[in-house]
Every structure is written in C-alpha cells, then in structure tokens.
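The next block holds one structure in the form of structure tokens; read it before the comments.
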Amino acid sequence: MKYHFNEIEAKWQKYWSANQTFKAENNSNKPKYYVLDMFPYPSGAGLHVGHPLGYIASDIYARYKRHKGFNVLHPQGYDSFGLPAEQYAIQTGQHPAVTTEDNIKTYRRQLDQIGFSFDWSRELRTSDSSYYKWTQWIFIQLFDSWYNNDSNKAESIETLKTLFSLKGNAGVNAACDDDVLIFSEKAWNGFTSLEQEQILLKYRLTYLAETEVNWCASLGTVLANDEIINGVSERGGFPVVRKKMTQWSMRISAYADRLLQGLESIDWPEPLKEIQRNWIGKSTGATVSFNVKNHSDIIDVFTTRPDTIFGVSFMTLAPEHPLVKKITVATKIKEVEAYIQTTSKRSERDRLADVKTISGVFTGAYAEHPFTKAPVPIWIGDYVLAGYGTGAVMSVPCGDQRDYDFAKHFNIPILNIFQDVDISKHAFSDKDNVIIAQSDFLNGLSYKKALKRAIYELEKIGQGQGKINYRLRDAVFSRQRYWGEPFPVYYVNGIPQVIDAQFLPITLPEVKKYLPTETGEPPLGNAQKWAWDTEKKEVVDNTLIDNVTIHPLELNTMPGWAGSSQYFNRYMDSNNDIEIFSKSAIAYWEQVDLYIGGSEHATGHLLYSRFWQKFMYDMDYVGHDEFAKKLINQGMILGTSAFVYRVEGENKFISKGIIGNQKVQQIHADVSYVNTSDELDIIAFKKWRPEFKDAEFVLEDGVYKVGREVEKMSKSKYNVVNPDQICIDYGADSLRLYEMFLGPLEQYKPWNTSGITGVHNFLKKLWKLYMGDDGIKVSNTTPNKDNLKTLHKTIKKVEDDIENFSFNTSVSTFMIAVNELSAQKCTSRDILEPLLILMSPYAPHISEELWSQLGHNTSIATAEFPLFSENHIIESSKTYPISFNGKMRFTMDLPLDLSKEEIESQVMANKKTQAQLKGREPKKVIIVPGKIVNIVG
RNA sequence: GCUGAAGUGGUGGAAUUGGUAGACACGUUGGACUUAAAAUCCAAUGUCCAUUAGGACGUACGGGUUCAAGUCCCGUCUUCAGUACCA
C-alpha cells in the first residue's frame with residue numbers, strides 16, 4: 001500500500017469533525033489546560049505558509065497535553081472587524097460583512113486542511129452581533145466606573161457620586177482629567193444634573209474629551225500611538241498629523257503601575273516585557289513650581305533630577321503650553337507667534353526626522369528660582385513636548401545634553417554644579433558618579449541623597465513634591481470608520497449617556513456608502529435607520545426617539561483592539577447569551593495557560609488586554625488579574641523574493657551574474673516562475689504581464705539567473721507560498737513537520753520549499769517500514785534491547801522538547817528513530833504503538849491511520865502518552881574520550897561501575913596512552929565522572 | 001543615541017549548558033537500478049596540507065580564565081528588532 005496522504009488526511013479530518021474529537025467540556029475530573037492562539041484577521045489573500053507556524057506549535061502542545069491527561073481548551077475564531085474589508089467596500093460597494101464571510105470561509109478551509117485540533121463549537125467572530133454585544137457591555141461597565149487610587153482599583157461610579165455628595169472631591173484620590181476643579185459637597189449637591197454629568201465624565205474609565213490625536217487624513221480616521229510607525233500609519237504608511245478632536249478615551253494610565261508590576265508575575269518573553277516596560281515608561285522625580293515674575297501664574301515642571309535644581313539657568317515651555325500667550329512680554333509677541341506658527345505646521349514626521357536642529361525663542365518673561373529667587377528666563381522650544389509631564393521643563397544645561405545644546409546655541413549661561421567635573425564640551429548626565437556642589441544645602445551630597453533632600457526642601461517651602469510620571473498615554477477609543485463596533489451611546493444636551501445593557505446589542509446599521517458624510521460626520525452618519533432590539537425605543541435618522549425626546553447617537557465606532565481585549569475569556573463560554581461568560585466557566589478555566597502569537601502586538605493588543613483584564617478583575621468578573629500565564633512569541637517565516645534586472649530605459653533583462661556596471665532596475669519576479677537553481681522560466685515570466693511580453697533576455701550559460709533576497713512574505717513582493725499547494729503536493733503532516741523542522745519557534749527564518757522533501761521522505765519511510773502490500777506488517781514479537789533503547793531515547797527527547805517548546809529537534813529525533821528501527825528491522829507492535837503516540841501531535845493524520853490499521857477503534861488523540869523508563873537506555877559501559885593536555889587523542893570503552901582510581905589505572909595501562917606519553921611521567925590525570933579523562937603530560 | 005536579541009559549513013540549523021563542534025535535513029558530487037527520466041537506495045561532503053597513514057586550522061574579531069571554551073569574563077566589530085527630543 002502506498003502512502004496516499006491526501007486520502008488519509010481528508011479521511012481523518014472528516015472523522016475528527018464528525019466525532020467532535022476535540023470538543024472541550026466545561027467540567028471534567030481531569031486537570032484543565034487552556035492553549036490559545038492569537039486569532040487571525042481574515043484577509044482577502046488567505047493564509048500563506050507563514051501564518052500557521054504558531055498554530056502548528058500550539059496544536060502540538062494542545063495534543064500533547066491531551067495525551068498527558070488534561071482537559072484541553074483549544075479554540076479558534078476571527079478578529080473580523082478591520083480596515084481592509086471596509087476599504088474594499090468603499091471601492092466596490094460590497095458590504096464588509098459579505099467580504100468578511102467569504103474570507104472566513106477560505107480561512108476555515110485552509111485551517112481545516114492542516115488538521116488542527118480546534119474546538120470549533122466555540123468559534124467566535126468579533127464582528128458578530130452576538131459577540132460584540134459583550135464588547136459593548138464592557139464599554140458600559142468602563143463608563144460606569146472610576147479609578148480609586150486609594151484602594152488602587154476600579155469602582156462603580158455610584159460610589160463616587162456618594163463620596164461627592166458627602167464630602168466633595170477634595171479628599172477623593174482618583175485617576176481623572178487634570179482640569180477638574182475642587183468643589184465641596186455643598187457645591188456638588190447644588191450642581192444641576194448636567195453639571196454633575198460633566199464632572200463625572202472627567203472621572204469615568206472611558207471618557208469623552210477634546211484630545212490631541214493622531215489624525216490620518218488618507219485613512220480618514222484617528223490612530224492610536226501603537227498604530228503609528230516612524231510617524232506614518234502602520235497600515236498603508238500614510239502621513240499622520242496632530243489634531244484636536246473630541247474623542248472617546250480609555251483611562252489606561254490609571255493602570256500604569258499595575259501593568260508594570262504585573263509583568264513580574266507572568267511567564268512572558270523578557271524582550272516583550274521590556275517593550276511594555278519602555279512603553280509604560282515609569283520615571284521617578286518631582287514636580288517643581290516656579291512663580292512667574294510680575295504675574296500670578298505658576299509654571300509646574302516635572303524633573304527626574306531635582307538634585308540639580310541649583311543648576312537651572314532657564315526654563316523651556318512647549319510651544320503649545322497654555323501659559324505661553326499669557327506671559328510673553330509685548331515686545332516679543334510677534335516673534336513668539338511666528339515661532340508657534342512654524343512649529344505647528346511641522347508634521348510629526350518632520351519633527352522626528354529633524355531632531356538635530358535647535359530652535360526656540362525667548363518670551364521676555366522671567367520665573368523665580370524657588371530657592372535663590374534669582375530670575376530664570378523663560379524660553380519656548382519644540383524639543384519640549386506638550387504631551388509629556390507638564391509640557392514645561394527646568395533647564396539644567398550642565399546635567400542634560402539637550403538643555404546644554406540649547407544653552408550653547410542661544411548663549412545662555414551654563415552653571416556647573418558638579419564637583420570636579422569638566423562641562424566645557426558636553427553635559428554630564430552620569431547619576432552614579434557625581435557629587436553636587438555650588439548648591440547650598442545640597443553641597444557634597446551624592447545623587448541619591450541630594451534627590452531626597454531636594455524633594456524634602458521643596459515640599460517644606462510648598463513649591464514642589466515627589467512625583468512619578470508615566471509615558472503611557474490614555475488610549476483613544478474612537479474611530480471614524482464603519483466596520484467596527486457601534487458605541488452603545490447617545491447624547492442628551494451634549495452629555496453622553498450609555499444605553500441600558502438590556503437593549504444590547506446595538507447592531508451596526510446599513511449604509512448606502514462607507515465614506516464620511518458631506519458634513520464630515522463618520523460613515524455611520526449615512527445610516528437611515530438603526531435596528532434596535534426593543535419595543536420601547538425606535539431609532540431613525542441617527543437619532544433615538546424616546547417618547548417625545550430626540551437624542552443624537554454616537555457615530556464613531558470602536559477601534560480594532562476593542563474586540564480582541566476579552567475574547568480569550570469569551571471562549572470559555574462563547575455560546576452564552578445571558579452573560580459574557582458564566583461564573584462557573586471562568587472559575588473552571590481561570591486564565592490562558594499558554595498563549596502563542598507574534599511580538600508585534602506588544603504595545604497594542606497585549607497591553608490593552610492586560611488593562612481590560614485588570615478592570616474585569618477589579619469588577620470581580622474574573623479571578624485573575626493577568627489573562628495569560630505563559631506567552632510565547634513565534635517568529636515570522638520570511639519569503640525568499642526573486643529579482644530580475646531591467647536595463648534602465650530599455651525593455652531588456654540581464655542575468656544576475658553579468659550585470660557588471662550597467663545601470664539596472666531591480667524588479668520582483670513571482671517566485672513560482674523560478675526553480676530551485678534560481679533559473680527563471682522566461683516563457684511564464686513573459687506571459688505574466690503584458691509589458692514583459694516582448695522583453696529581451698540576456699542569458700548566462702544559457703539560462704537567466706535571478707537575484708534572491710529574504711523579505712517579509714507579502715503579495716506585493718510576489719514571494720508568497722501557499723499552504724494549499726504544499727498540502728496537495730506533500731500533505732499536511734509534511735507541512736506541519738517541516739514548519740517545525742525549519743528552526744526554533746521564536747526565530748525569524750526564511751521559507752524554502754525544496755527542503756520539505758526531507759520530512760516528506762521520512763514519512764514515506766515510516767509508512768514503508770510498517771505498511772506492506774497487504775496492509776500493516778506489525779508483529780507481536782517482544783522488542784529487543786536495541787528496539788527499546790531507540791524507543792525510550794525518543795520518548796525522553798520528545799517529551800523534553802515539547803515541554804521546552806523546541807519542536808525543531810524532535811523532528812530530527814523522529815527521523816533518527818525511524819532510521820534506527822529500520823536498520824534493526826523492528827516490526828514490534830510494542831514499539832510502533834508508543835512511537836505513533838509520540839508522533840501524533842506533530843503528524844496527526846499518518847499517526848491516526850497507522851493507529852487504526854493496528855486495530856484501534858478510537859482516536860489516537862485519546863491515547864496515553866508513553867512513560868519513559870531510564871532502564872532501557874542505561875549502558876553497561878561508556879566510551880571515555882581520552883585527551884592529552886586538553887587535546888582529544890582517542891576513546892576507550894570502560895565499564896560503568898569502575899571507581900575513579902580503577903579508571904585511572906586502566907587508562908594508564910592502555911597501549912595508546914603509553915604511546916602518547918612516550919616515556920614521560922604524567923603530571924596529572926583528571927577524571928570527570930561520566931565525561932572525559934584528561935592526562936596532563 | 002538608548003534598550004533588547006543574535007553572529008557556527010554552500011544553506012536551514014544541532015551541540016545533554018564548560019567535555020570528541022557541525023547532529024538532522026537541504027544542496028552539491030559520485031555510484032547502483034533504468035532504454036531514459038522520475039522515484040528509490042548507497043557513498044562522499046567545514047577549510048587547508050598529504051597518494052595513504054595522518055596532520056594543521058576552524059564557531060564574527062582581539063585578549064583572558066581553565067586540563068578543557070561555540071558555551072564563562074573583558075574589549076571591538078557587524079546584523080536584526082523595539083524606541084526615540086520622555087526632561
């Protein structure tokens with residue numbers, strides 16, 4: 001019987017699906033284990049060979065855990081809201097839901113053919129109203145909560161209202177907007193409900209505020225900081241400008257410290273944690289208040305170096321700082337306004353590209369040094385960012401290079417407050433080796449001591465206090481898009497109101513076109529009628545008619561990360577229509593035990609999900625404040641692009657090796673037209689595009705050689721390899737084995753299809769070893785010593801490998817095992833059966849087939865993982881390498897039970913040793929038990 | 001600039017964590033089978049010297065520790081990733 005992998009694989013995929021082999025129950029007397037992949041966005045291009053890498057790894061682990069007796073939850077779904085479907089809709093008019101449905105079908109077919117052990121009964125899609133109902137529900141929970149810094153957790157907004165009515169807001173330590181005014185309980189109770197709502201909005205965990213946002217005109221929407229790479233949009237690479245807009249935000253900054261602390265308790269890759277730490281950007285220092293001379297205004301600055309306060313020789317404000325206009329003296333107004341004009345015109349990108357240029361302008365105003373009372377000139381400079389700290393800095397040129405450069409450029413005096421330090425060339429920013437001088441009460445102190453003393457003195461005179469600052473900004477939550485979750489929000493007198501949760505979901509209405517309205521409203525402004533699941537309320541023309549009152553609705557939609565921030569918990573009970581998940585489901589599955597996905601989500605999905613999880617924890621919906629115990633970043637599989645070289649200005653292509661000095665243009669050629677020897681199929685290439693039809697080709701050695709480069713796999717680079725074709729040609733088991741064999745899971749590695757013959761031949765060899773012409777040829781003979789040694793070596797290695805996620809070396813181990821068994825002519829059932837169980841996580845189809853050929857009528861997935869026994873691999877003698885002066889000369893077989901002295905005497909009596917020593921006395925003989933014998937002559 | 005990861009044959013990568021570097025596979029070369037091709041099987045394959053036996057060198061580079069270093073320490077270089085006026 002030949003190895004007909006296509007038939008076998010289709011047969012078992014059908015079997016698993018029909019028997020619901022991988023359905024997980026929410027209760028079991030087995031221990032639970034939750035293995036999760038980052039769910040995909042179903043793009044129109046379908047899966048390429050790089051996408052399944054992480055899914056194969058998690059599938060191996062999930063299958064392994066089932067063999068080990070765990071009740072395994074291994075679900076899959078789709079992150080199906082997103083920009084591409086919407087952009088396709090804008091171009092073609094096709095509803096994004098239709099596009100998405102088509103794409104999901106393709107994805108599902110592709111995933112199925114690889115043979116994953118997903119529990120599809122729990123499938124979810126973020127764009128299904130039955131799912132986004134719960135995204136909207138969480139939004140409502142966040143809206144109805146505030147963050148209490150004293151209890152260090154989120155609490156219901158009702159408790160805040162009670163606090164306000166009892167004692168005003170002076171004693172309330174909450175995470176809130178900077179501009180809240182202090183009021184008494186009396187004042188609160190006297191406010192109108194509209195005024196109260198306006199104040200509460202400054203405290204809610206999701207709030208509406210006029211914020212400076214990243215506006216991308218080409219995409220017609222705002223972007224979060226993590227959606228911008230190098231000053232341009234992550235999707236499409238379009239320019240991004242700063243713009244003030246009223247937007248929903250999430251108060252993630254309230255959780256900054258807990259998000260930082262939480263990293264200590266989770267088993268995530270260190271580099272990824274480091275990215276999150278940097279993104280949160282905690283810095284410890286102080287705020288210092290400077291009085292402005294001849295003004296009532298006070299300028300607050302944040303500094304990490306209050307110890308250098310006596311080195312202040314000027315102050316710098318960001319051009320956008322609110323006090324700039326107030327304090328600038330009359331004679332400087334023109335100059336200052338001109339400067340603000342020019343800086344505001346510069347886009348984020350220009351500013352980034354041009355960090356070296358020093359620019360600024362003097363306001364003519366002076367502040368007063370808090371201790372010396374000396375006048376401190378106030379400047380404006382665009383090296384100070386409005387968005388960080390207070391948007392103002394105290395400039396200490398001797399201790400900060402930027403302040404130093406600024407001072408040099410504008411001839412501002414530089415004070416040296418460090419003992420025995422030369423600052424004639426550059427600033428001295430080393431905190432560890434410094435003694436403060438010329439600084440009154442700080443003289444002679446080290447950084448650490450001076451820091452404490454400076455803060456103490458500032459607090460004493462009421463002009464400053466210790467402060468911790470975070471780089472992490474609140475997350476903008478509004479998108480001016482159609483294909484996203486609608487907000488469950490309407491407006492009464494301009495104040496947002498959430499719609500009662502009983503009316504959820506607020507489904508996405510139909511629109512005629514997916515572009516903004518003529519009045520500049522988001523696409524939802526085009527909706528004629530919103531469907532509403534209630535008899536009480538009716539919605540027409542973007543307004544909610546509630547008896548007689550007409551309320552406008554929120555027209556923005558939620559960002560992409562909304563749907564992915566709690567999906568891992570929803571899988572635990574994904575068909576529940578009454579709750580996001582039942583108490584018993586969350587109590588049973590607790591949290592994700594193993595999460596596999598890319599590190600590109602470090603500052604997006606993975607941070608936002610941790611934030612929402614902590615919120616859900618505070619609200620007592622979940623029992624853990626981290627959602628994933630362990631996380632592994634799979635590396636990317638890269639494509640090997642092929643290039644042809646066209647002579648500039650001519651339709652002539654020159655083979656790679658003979659380009660010489662000619663000016664050529666490098667053009668991507670589709671990799672399917674190139675063979676493994678880098679030779680181009682010219683006929684196919686000419687047919688590819690009309691402009692190449694009549695092209696001339698200059699050959700070398702009779703062929704056209706292409707250039708190769710490793711790049712990210714992408715349609716536009718014509719280097720995509722489709723897994724469908726691989727499955728047809730070699731089978732899913734070969735694909736799975738090969739993706740693992742390619743290298744360590746976390747590593748970036750190039751794909752090269754020709755290598756797959758190695759693992760494919762291995763599967764054929766395995767098949768041939770046990771399948772004869774008339775079916776399986778396994779015997780019931782007792783395995784011999786060698787057979788057992790091979791098996792147990794393999795068990796040990798494979799188990800270790802899976803536990804350590806080094807799947808690549810297991811594949812080699814299988815190959816060695818089959819080669820050895822083949823040489824031993826081993827046909828024993830007692831060897832094959834455990835071997836198949838070892839292999840079934842990696843190559844499930846062939847394992848199932850041979851398993852059933854052996855007469856089993858249940859799936860191999862339920863079989864128990866074989867136990868490893870040391871006895872079978874212990875040797876009676878060991879080969880000792882003998883070295884002289886550290887150099888290996890020969891080996892000797894010696895019995896294992898010898899003492900050190902016995903080994904030594906046997907080695908010294910050996911003929912080869914005598915020859916090596918040539919009559920010399922050895923100085924020393926070193927024996928490391930079980931390792932090596934070294935003789936020093 | 002800062003932070004992190006990594007540099008091993010023609011290629012992807014192994015190396016039980018200090019103990020025979022290059023497992024396993026691709027590729028290449030030669031051979032068997034075949035009219036031929038494919039498939040399959042066998043052999044060789046780090047570099048250099050040598051007919052062989054064998055020897056020398058060899059894990060980015062330069063030092064060091066050790067009987068013994070890809071692995072540990074110091075310095076240098078290179079590549080990739082994240083971040084970027086964060087006060």
Side-chain angles (χ1 to χ4, degrees), chain A residues 229-231 269-279 281-283 285 301-305 308 315-316 318 351-352 354-358 381-385 387-396 399-403 405-406 429 469-473 599-600 602-603 635-636 640 676-677 708 737-738 741-744 746-762 764-765 768 796-797 800 806 808-816 819 879-891 922-928 930-937:
Chain A
I229 311 284
N230 294 327
E270 201 47 50
L272 189 136
K273 289 190 190 179
E274 199 56 32
I275 292 171
Q276 292 208 344
R277 282 190 200 106
N278 290 337
W279 192 260
K282 180 177 183 170
S283 49
V301 302
F302 173 73
T303 178
T304 53
R305 296 293 302 273
T308 63
M315 294 183 75
T316 316
R351 234 166 123 158
L352 281 175
D354 185 26
V355 289
K356 289 281 174 299
T357 315
I358 296 160
D382 71 352
Y383 80 96
V384 178
L385 303 176
Y388 182 76
T390 60
V393 299
M394 59 176 222
S395 302
V396 184
D400 184 289
Q401 193 57 44
R402 290 156 307 169
D403 295 344
D405 294 340
F406 196 87
S429 51
N469 222 344
Y470 295 93
R471 203 188 80 112
L472 183 69
R473 307 258 67 89
S599 60
E600 66 271 21
T603 54
M636 202 181 282
T640 313
T676 50
S677 312
R708 291 285 200 174
L737 281 170
Y738 187 52
F741 182 70
L742 228 39
E746 315 80 33
Q747 202 163 296
Y748 279 57
K749 46 208 173 261
W751 177 266
N752 174 13
T753 303
S754 65
I756 202 172
T757 51
V759 292
H760 187 65
N761 283 343
F762 152 72
K764 285 201 278 192
K765 234 185 259 179
K768 243 172 64 181
K796 185 173 169 29
K797 183 79 170 79
D800 282 358
S806 37
N808 53 329
T809 47
S810 300
V811 182
S812 301
T813 307
F814 292 134
M815 290 182 183
I816 294 166
N819 278 339
T879 308
Y880 283 85
I882 313 293
S883 75
F884 290 84
N885 293 332
K887 291 249 190 280
M888 245 292 297
R889 294 301 151 98
F890 58 89
T891 58
K923 281 185 190 144
K924 215 170 27 168
V925 179
I926 298 152
I927 297 163
V928 184
K931 283 186 177 170
I932 198 162
V933 179
N934 190 30
I935 299 166
V936 188

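Numbered from 1 within each chain, the chains take letters A, B, ... in sequence-line order.
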Assign A:Ser599 to base, sugar-phosphate, or nothing according to its heavy-atom contacts below 4.0 angstrom with the strands shown. nothing
Identified pairing partner of B:C61, criterion: Watson-Crick or G-U wobble below 3.5 Å: B:G75
Quick one: label A:Lys765 by what it contacts on the DNA or RNA (base, sugar-phosphate, nothing), any heavy atom closer than 4.0 Å. sugar-phosphate
Whole-Å C1' distance, B:A56 and B:A50: 11 Å
Assign each of A:Lys764 and A:Tyr470 to its nearest nucleotide of RNA chain B by heavy atoms, then name whichever residue's nucleotide is nearer the 5' end. A:Lys764
In this structure, how many angstroms lie between the C1' atom of B:A6 and the NZ atom of A:Lys749, rounded? 14 Å
Closest to side chain of A:Glu274, choosing from B:G13, B:A87, B:G4: B:G4
For B:G13, which nucleotide is its Watson-Crick or G-U wobble mate, given both distances must be under 3.5 Å? none
Closest nucleotide among B:A87, B:U40, B:A25 to the A:Val393 side chain: B:A87
If you assign A:Ser754 and A:Asp403 each to the RNA chain B nucleotide with the nearest heavy atom, which residue ends up on the more 5' nucleotide? A:Ser754
If you compare every side-chain N and O of A:Ser283 against the phosphate oxygens of B:A87 (OP1, OP2), does one of them come in below 4.0 Å? yes
Could you please spell out the steps behind the side chain to side chain contact (heavy atoms under 4.5 Å, CB included) verdict for A:Leu385 and A:Tyr383? CA-CA 6 Å; A:Leu385 303 176; A:Tyr383 80 96; over 6 Å; no
Would you say the side-chain atoms of A:Asp403 pair up with the backbone N or O of A:Val396, donor to acceptor, closer than 3.5 Å? yes
Describe the nucleic acid contact of A:Glu270 in one word from base, sugar-phosphate, nothing, applying a heavy-atom distance below 4.0 Å. nothing
Donor-acceptor contact present, side-chain A:Lys797 to main-chain A:Phe814, <3.5 Å: no
Does A:Asn761 reach a base, just sugar-phosphate, or nothing at all? Heavy atoms under 4.0 Å. sugar-phosphate
Return the pairing partner of B:G70 with a 3.5 Å limit on both distances, Watson-Crick or G-U wobble; otherwise return none. none
Work out how far the P atom of B:U59 is from that of B:G70, and round it to whole angstrom. 7 Å
Nearest-Å distance, CD1 (A:Ile275) to P (B:A5)? 11 Å
For A:Met636 and B:C80, what is the distance between atoms CE and C1' respectively, to the nearest whole Å? 12 Å
With both distances under 3.5 angstrom, what nucleotide forms a Watson-Crick or G-U wobble pair with B:U8? none
Determine the interatomic distance between P on B:U76 and the same-named atom on B:C24; round to the nearest Å. 40 Å
Rounded to the Å, how far apart are A:Glu600 CD and B:G4 P? 22 Å
What is the distance from CD of A:Gln747 to C1' of B:G12, rounded to the nearest Å? 9 Å
Integer-rounded Å distance: B:A14 P and A:Leu742 CG: 11 Å
Please state the C1' separation for the pair B:C2 and B:G27 - nearest whole angstrom. 42 Å
What is the distance from CG of A:Asn819 to P of B:A43, rounded to the nearest Å? 11 Å
Does B:C86 have OP1 or OP2 under 4.0 Å away from a side-chain N or O of A:Arg402? yes
Taking it one step at a time, do A:Met815 and A:Val759 satisfy side chain to side chain contact (heavy atoms under 4.5 Å, CB included)? CA-CA 8 Å; A:Met815 290 182 183; A:Val759 292; 3.5 Å; yes
Distance between P atoms of B:G64 and B:A68 (Å, rounded): 12 Å
Can you tell me the pairing partner of B:G22 across any strand shown, Watson-Crick or G-U wobble, with both distances under 3.5 angstrom? none
Does OP1 or OP2 of B:G1 have a side-chain N or O of A:Gln401 closer than 4.0 Å? no
Looking at A:Arg277, does any N or O in its side chain come under 4.0 Å of the phosphate oxygens OP1/OP2 on B:U83? no
Distance, C1' atom - from B:C72 to B:U66, rounded to whole angstrom: 10 Å
Nucleotide nearest A:Trp279 when distance is taken to its side chain, options B:U83, B:A87, B:G12: B:U83
Only pairs with both distances under 3.5 Å count, Watson-Crick or wobble alike; so what is the partner of B:U28 in this structure? B:A44
Under 4.0 angstrom, heavy atoms only, what part of the nucleic acid is A:Asp800 near: base, sugar-phosphate, or nothing? nothing
Could you identify the nucleotide paired to B:U83, looking across every strand shown and requiring Watson-Crick or G-U wobble geometry with both distances under 3.5 Å? B:G1
Does a side-chain N or O of A:Tyr388 approach OP1 or OP2 of B:A87 to a distance below 4.0 Å, or not? yes
Chi angles and distances behind the side chain to side chain contact (heavy atoms under 4.5 Å, CB included) call for A:Tyr738, A:Val811: CA-CA 8 Å; A:Tyr738 187 52; A:Val811 182; over 6 Å; no
Find the distance A:Asn752:CG to B:C26:P and express it as a whole number of Å. 11 Å
Kindly say whether A:Trp751 contributes a backbone atom to a donor-acceptor pair with the side chain of A:Thr640 at under 3.5 angstrom? yes
